[in-house]
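Only one structure is covered here, and it is reproduced in the block below.
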Amino acid sequence: MSVSYWNDKVVFSPNDINVDAVIIGGGIAGHSAAFWLQKEDPNLKIAILEKHHLGDGATGRNAGFITCGSVEHFNRLVETHGKEMAKEIWDFSEKNLKLIKEHVIKGQKEDIFFEDKGSFSLASEDSELKELQKTAKLMSSMDIEVELIDEKDVASRLGAEGFVGGIKYCDDASVNPILLLSLIRKRIEEGGSNVKFYEHHEVYEVEQKGDLRRVKTNKAHFEASIVIYATNGYSGQLNSYFSDKIFPTRGQILITEPLDKFMEGPCYANFVLDYFRQLPTGELIIGGFRQLQKDAEVGLSDEITDVIQEALEGFLEKHLPKCRNKKITHRWSGVMGFSADGQPMVGALPSDNQVYFLGGFTAHGLGLAFHTGKVLSDLIFGRDIPGFISAKRWN
Ligand SMILES: Cc1cc2nc3c(=O)[nH]c(=O)nc-3n(C[C@H](O)[C@H](O)[C@H](O)COP(=O)(O)OP(=O)(O)OC[C@H]3O[C@@H](n4cnc5c(N)ncnc54)[C@H](O)[C@@H]3O)c2cc1C
């Protein structure tokens, strides 16, 4: 957003709104940061500023997979980081799900369509199947529960054709993401009334004012001693520090009319690039195929394109017979934040240690952000944080 000299000088509210912390971004990362900060100190006054409505970013546009690990098969994580760190990364995301169950869901599974039936990665070629077999062996040797499945299992348990086999990650889950966000908000509100949500407040500047930071939006100015960017794919728009660290990347999706239940759990295919799941209410959601238009799928536009939408439909036609000729009711896209190494990042700006951030969830925010919010709170309250998630790894 650009702001004119004239508008910048307008006094929108008689006084600045004074709080202890301002969080920019009303997605799962902003909510998670608020949740953990409030838990640490219920007296903290926190303002969450969101330029549209809460959940309008990737959080309200994703496919609802809560999966462990990262964007690639586990054997590749081991090749890049070694066994010990790969396991640490896996355990981090497993703990994310445990924390969501313990602090957010608390017996309200059905209200947010939460299911923990595991997830699958499917191979359409022998080369990927070999990699999945290698992954399964590695993971079993590290006490991570997985199951190898063959072509017949894929057909009978997932109703899918054209796959030679796959792997089941037994601990994964799925959810309605916008209902999950609302439930986190409810938990925050149960913790007291010191966290306030400001929708339709677009931040255009964070300026230094002595010991405080002034956060300017189109409607008001906020003053706080701490500012947190929870703006994921949009972060580079607000501060150039993020321009070479979090890359805005578009993802596209479509969803069918409700069908009779035929799938045991959510699935990834084609080296985790494409994904589909059947909702508890029967609809089939499918996304992916960024690889077909790599250049066009970088940036902040939330358009959909014929090339990718046709590829999604083609996938249904080829691999999911139960979806053939079914009505498609919605198509949409959203902006994700891909980090340079695929891992999320938490830290403070090198130029200002009162301005913090969390982001770079690389298409896995549901699997990572709640725990990452806790890590951010640890950092702010002076505790050590894991090296793989610390932004200091870029220094
Ligand atoms: C199509 C698609 C499918 C996906 N599928 C999955 C999945 O199945 N599982 C999974 O784990 N992840 C998935 N993801 C990724 C996941 O949605 C994200 O990792 C996660 O939502 C990131 O949360 P966030 O809060 O960091 O970012 P966001 O939800 O994008 O929130 C950032 C917020 O900041 C706001 N904002 C930006 N600039 C400003 C400003 N100047 N002032 C005020 N507010 C501002 C935005 O409006 C936005 O609401 C998917 C993403 C997409 C797009």
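The basis for the numbers below is simple: all heavy atoms, side chains too, and nothing from hydrogens, waters or symmetry mates. Read the numbers this way: they start at 1 and go in the same order the structure lists the ligands and their atoms.
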Item to check | For atom 32 (C) of ligand 1, the protein heavy atom that lies nearest, with its residue and separation | outcome: A230 O, 3.5 Å
Return all side-chain donor-acceptor pairs below 3.5 angstrom for residues 42-52, not counting sequence neighbours, or 'none' if the list is empty.
residue	atom	partner	partner atom	Å
E50	OE1	G26	N	2.8
E50	OE2	H52	N	2.8
H52	ND1	D56	OD2	2.9

Checklist entry - Could a heavy atom of Y275 be found less than 4.0 Å from some atom of ligand 1? => result yes
Checklist entry - Heavy atom of G367 under 4.0 Å from ligand 1? => result yes
Item to check | R187 to F35 six-membered ring, cation-pi geometry met (6.0 Å, 45°) | outcome: no
Item to check | ligand 1 contact on R250 by region, counting heavy-atom pairs under 4.0 Å | outcome: neither
Checklist entry - Does ligand 1 have any atom that is closer than 4.0 Å to a heavy atom of G233? => result no
Next on the checklist: Please check whether Q237 reaches ligand 1 - meaning an N/O of the residue sits under 3.5 Å from an N/O of the ligand, judged on distance alone.
Outcome noted: no
Item to check | atom 41 (N) of ligand 1: nearest protein contact (heavy atom, Å) | outcome: V203 O, 3.0 Å
Checklist entry - Does the side chain of D274 come under 3.5 Å of the side chain of Q291 through a donor N or O and an acceptor N or O? => result yes
Checklist outcome for this item: Counting heavy atoms under 4.0 Å, the part of P177 that contacts ligand 1 is neither
Checklist entry - Is there a donor-acceptor contact under 3.5 Å linking the side chains of Y268 and T67? => result yes
Next on the checklist: Under a 4.0 angstrom heavy-atom cut-off, which atoms of ligand 1 come close to M336?
Outcome noted: 51 (C), 52 (C), 53 (C)
Next on the checklist: Is the contact between L238 and ligand 1 made by the side chain, the backbone, both, or neither, using heavy atoms and a 4.0 Å cut-off?
Outcome noted: side chain
Item to check | Per atom 14 (N) of ligand 1, closest listed option by heavy atom (D172, I24, N62) | outcome: N62
Checklist entry - Do we see a donor-acceptor contact under 3.5 Å between the side chains of Q309 and Q252? => result yes
Checklist entry - How far is atom 12 (N) of ligand 1 from its nearest protein heavy atom, and which residue and atom is that? => result A363 O, 3.0 Å
Item to check | Nearest non-hydrogen protein atom, atom 27 (O) of ligand 1 | outcome: N232 CB, 3.4 Å
Checklist entry - With backbone taken as N, CA, C and O and side chain as the heavy atoms from C-beta onward, which portion of I253 lies under 4.0 Å from ligand 1: side chain, backbone, both, or neither? => result side chain
Checklist entry - Taking all non-hydrogen atoms of both residues, which atom of M85 and which atom of F388 are closest, and how far apart? => result SD-CB, 3.9 Å
Item to check | Side-chain donor-acceptor pair present, S333, R61, cut-off under 3.5 Å | outcome: no
Item to check | Heavy-atom closest contact (C68 atom, W90 atom, distance) | outcome: CB-CZ2, 3.4 Å
Next on the checklist: Which heavy atom of R250 sits nearest to which heavy atom of S301, and what is that distance?
Outcome noted: NH1-OG, 2.9 Å
Checklist entry - Backbone or side chain, does any N or O of I66 fall under 3.5 Å from an N or O of ligand 1? => result no
Next on the checklist: Give me the residue, atom name and distance of the protein heavy atom closest to atom 34 (O) of ligand 1.
Outcome noted: G25 CA, 3.3 Å
Checklist entry - Do ligand 1 and A63 have nitrogen or oxygen atoms that lie under 3.5 Å from each other? => result yes
Checklist outcome for this item: When distances are taken from atom 35 (C) of ligand 1, the protein heavy atom at minimum range is E50 OE1, 3.2 Å
Item to check | Heteroatom proximity flag, G251 to ligand 1, N/O under 3.5 Å | outcome: no
Checklist entry - Should the pair Y229 and F242 be assigned to parallel (<30°), tilted (30 to 60°) or perpendicular (>60°) ring geometry? => result perpendicular
Checklist entry - Is it true that G287 lies under 4.0 Å from ligand 1, counting heavy atoms only? => result no
Item to check | ligand 1-proximal atoms of F361, by part, heavy-atom distance under 4.0 Å | outcome: side chain
Checklist entry - Do we get K245 above Y241's six-membered ring, with its NZ or CZ under 6.0 Å from the centre and within 45° of the axis? => result yes
Next on the checklist: For T305 and E303, which I'm curious about, is there any donor-acceptor pair between the side chains at under 3.5 Å?
Outcome noted: no
